[in-house]
Every structure is written in C-alpha cells, then in structure tokens.
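By convention here, the first residue in the shown sequence is residue 1.
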Amino acid sequence: MTVEEKLEAVLAPAGIGKYGFLRPAEIPFDPAVRAACEGNTCRGYGATWACPPGVGTFADCRARCLSYERALVFSVSYPLEDSFDYEAMRAGMLDFKKVCDRLAEAAGPIVPGFLLLSNESCFRCRTCTYPEAPCRFPEKLHPSIEGYGILVGQLAGLAGIPYGVPGAVTYFGALLFSAQHIS
Ligand code: SF4
C-alpha cells in the first residue's frame, strides 16, 4: 500500500469526500493573496499564529511547502439556505476545523512531520497568545491556506476538485507530506 493509498483510507472517516494529489511545485503561490490578507477583511491578520504575519514571510511559507514531496488538496461543502446564510457559513467553517483535526490525527502515524493548511484563522483558544507568547498547541496549529499566499481557486482546479458547489459554501485545506520528512 502506498502512502497516498494509506491517506486515502482515512479521508472518508475524517469527513472528506473531495480530494486530489499534486506536487508542491504545482501549488499556485501569489504574493497578491498575502497582500489581500493585509487588508484584514476577515479580521485574522495579526490575530493568531495561523495567519500572517505570524506564519512567516511569503517566501518562508512557499519554501516550507516546497520542502515536502506531495500535497493532498481536500474540500468539504456545506449547504446554505441562501447567499446571506452567514450562520451556516460560520458553522461550516468551524466544522471544517474539526475535519482538519480528524485528518491530522489520522495522518500523524502515516506521514509524520506533515504540514496541514486549513481555512482562515485559528479559533482553538478563547484568547490567542499571539504575539506575546508561542502558540499553546503548535502540534494542532493548522495555518491558513490563504495566509500562505495560495490561490485556492487555481489549486482546486489543479487538484481536479470543484472550487464551488451551487447552494453551498466550500472550504479547502491542504496536507503537505513526504514519505519521510525532515524539517
Ligand atoms: S492554538 Fe490557540 S494560541 Fe495557537 S494560534 Fe490557535 S488560538 Fe492562538
């Protein structure tokens, strides 16, 4: 069984149906995505260790991703009553965090040293330690995929999964891994 087959076996139990694999060199990075973060419309910028500038520079993030051999891109869609259904959007966002936690737990024994990028910011603690002290749970910290400067729409297309689903909000994550990773 290959590493990819082992990972595929844990995806459905984690709650993931749509996914694809690619090489980190194929990931579409764009500094404009980081520039958009600085606009702080999501209020995540400078608020936790999961977002810029806490995740490091654009170059750092890109280099970190490129240090792995493979990337698993995945998504989960959550139905909305209408395009103003912010309650369902937030519930989906928080559920996707749990999906990422389950994937991280299952992936640990298969691909130790992985990097898991998740949607948006980090909501694990009532109050984040950023920037006064280190993250309380670095082993459970899943940095923002947008905060890493990745064009998620293009990434989805390259991974062969739909970017959007009609009547739903879709969240994306990426698991960077190597058969044996030395960080
Ligand atoms: S786990 Fe806690 S301390 Fe770490 S980034 Fe998230 S909210 Fe901040």
From [X] [atom1] over to [Y] [atom2], what is the distance, rounded to the nearest 0.5 angstrom?
X: C51; Y: R34; atom1: SG; atom2: CZ; answer: 9.5 Å
X: D95; Y: M93; atom1: CG; atom2: CE; answer: 11.0 Å
X: C100; Y: H142; atom1: SG; atom2: NE2; answer: 6.0 Å
X: I150; Y: C65; atom1: CD1; atom2: SG; answer: 4.5 Å
X: L80; Y: D85; atom1: CG; atom2: CG; answer: 5.5 Å
X: S118; Y: F123; atom1: OG; atom2: CZ; answer: 9.0 Å

Has [X] got a side-chain atom pairing as donor or acceptor with [Y]'s backbone, closer than 3.5 angstrom?
X: S144; Y: A50; result: no
X: Y78; Y: F96; result: yes
X: Y68; Y: G113; result: yes
X: Y171; Y: M89; result: yes

Determine the minimum heavy-atom distance between [X] and [Y], stating which atoms define it.
X: P109; Y: P112; result: O-CD, 4.2 Å
X: P143; Y: Y148; result: CB-CE1, 3.6 Å
X: V55; Y: G147; result: CG2-O, 3.9 Å
X: A47; Y: C128; result: O-CB, 3.6 Å
X: E69; Y: S178; result: N-OG, 3.0 Å
X: E146; Y: C37; result: O-SG, 4.0 Å

[X] side chain near [Y] side chain, heavy-atom distance below 4.5 Å:
X: C61; Y: R64; result: yes
X: L11; Y: F74; result: no
X: E4; Y: F177; result: yes
X: T170; Y: Y163; result: no
X: F114; Y: L103; result: no

Using distance only, find each side-chain donor-acceptor pair of residues 15-32 under 3.5 Å and give its atom names and separation, not counting sequence neighbours.
{"residue": "Y19", "atom": "OH", "partner": "E8", "partner atom": "OE2", "Å": "2.7"}
{"residue": "E26", "atom": "OE2", "partner": "R23", "partner atom": "N", "Å": "2.7"}
{"residue": "D30", "atom": "OD1", "partner": "A32", "partner atom": "N", "Å": "2.8"}

The complete set of side-chain hydrogen bond (donor to acceptor under 3.5 Å, both in side chains) pairs with one or both residues in residues 43-62, sequence neighbours excluded, reads T48-S121, W49-T129, T57-D60
ILVMFWY cluster, [X] and [Y] together (side-chain gap under 4.5 Å):
X: M1; Y: L72; answer: no
X: L115; Y: L66; answer: no
X: V73; Y: V152; answer: yes

Residue pair R124, D101: steps toward the side-chain contact (heavy atoms from CB on, under 4.5 Å) verdict: CA-CA 11 Å; R124 197 175 298 280; D101 282 346; 2.8 Å; yes
The residue among I161, L117, N119 that forms side-chain contact (heavy atoms from CB on, under 4.5 Å) with F172 is I161
side-chain contact (heavy atoms from CB on, under 4.5 Å) with L151: of V33, I145, L158, only one passes, and it is V33
- Task: Count the heavy atoms belonging to other residues, nucleotides or ligands that lie under 6.0 Å from CD of E87, then report whether that count exceeds 12.
- Result: no
Counting heavy atoms not belonging to E81, are there more than 12 under 6.0 Å from its CD?
no
Applying ring pair (Phe, Tyr, Trp, His ring centres under 6.0 Å) to F137 and not counting sequence neighbours gives none
V3/K6 under side-chain contact (heavy atoms from CB on, under 4.5 Å): CA gap, chis, key distance, verdict: CA-CA 5 Å; V3 168; K6 287 180 184 173; 5.5 Å; no
